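Here the structure is a predicted model, which means the values were calculated and not measured.
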Amino acid sequence: MKKIEAIIKPFKLDEVKEALHEIGLQGITVLEAKGFGRQKGHTELYRGAEYVVDFLPKVKLEIVLDDAMVERAVEAIQQAAHTGRIGDGKIFITTVEEAIRVRTGERGPDAI
């Protein structure tokens, strides 16, 4: 089992969700996040005062899935989240040792 963590632009969430649904993915966790990468935020003007916005709004997706689906899920996220502009996001893939469904006690791939 693998865990995919994807950090994307908020307005791309619906497109990514639809793309994952189309490949047959059933579960996803979405978290609101703030952060910055190479762009280091940006400067804005508000009521005549200039201020720096260090942390930009992002959305973090967490998906635990069977190894066989990882490549299709990554491809779906990449295509749906891509804008070609700076700040499109990142995808991280890690190994999951164990998964347990609280309600039934199922373990491993049966739990996801």
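Ile77 places a side-chain heavy atom less than 4.5 Å from the side chain of Leu20. Using a 4.5 Å heavy-atom cutoff, the side chains of Lys3 and Ile63 are not in contact.
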For residues 22-35, run the donor-acceptor check on the side chains, cut-off 3.5 Å, and write out each pair with its distance to 0.1 Å, sequence neighbours left out.
none

What side-chain donor-acceptor pairs closer than 3.5 Å can you find for residues 103-112, not counting sequence neighbours?
{"residue": "Thr104", "atom": "OG1", "partner": "Glu106", "partner atom": "N", "Å": "3.3"}
{"residue": "Thr104", "atom": "OG1", "partner": "Glu106", "partner atom": "OE1", "Å": "2.8"}
{"residue": "Glu106", "atom": "OE1", "partner": "Arg101", "partner atom": "NE", "Å": "2.7"}

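Counting non-hydrogen atoms of neighbouring residues, nucleotides and ligands closer than 6.0 angstrom, the NZ atom of Lys9 exceeds 12 such neighbours.
Take Asp66 and apply the salt bridge (charged side-chain N to carboxylate O under 4.0 Å, His left out) test, not counting sequence neighbours, and it matches no residue. By the salt bridge (charged side-chain N to carboxylate O under 4.0 Å, His left out) test, Lys60 is found to be paired with Glu5, Glu62, residues two or more places apart in sequence or in another chain being considered. Evaluation of the side-chain contact (heavy atoms from CB on, under 4.5 Å) rule for Pro10 yields Pro57, Val59 as partners, not counting sequence neighbours. The side chain to side chain donor-acceptor pair (under 3.5 Å) test applied to Glu15 returns Lys12, not counting sequence neighbours.
By the rule that hydrophobic residues join a cluster once side-chain heavy atoms approach within less than 4.5 Å of another member, Val70 and Ile8 end up as members of one cluster. A single hydrophobic cluster is not seen to contain both Leu65 and Ile7; linkage of ILVMFWY side chains at heavy-atom distances under 4.5 Å, directly or through other members, places them apart. Under the 4.5 Å side-chain heavy-atom criterion for ILVMFWY residues, a single connected hydrophobic cluster contains both Leu61 and Ile93.
Between the side chain of Asp88 and the backbone N or O of His82, no donor-acceptor pair lies under 3.5 Å.
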Apply the test side chain to side chain donor-acceptor pair (under 3.5 Å) to residues Thr95 and Lys2: give CA-CA distance (whole Å), side-chain angles for both, the deciding distance (0.1 Å), then the verdict. CA-CA 5 Å; Thr95 301; Lys2 300 282 188 211; 3.2 Å; yes
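Between Ile91 and Val74 the shortest heavy-atom distance is CD1-O, 4.1 Å.
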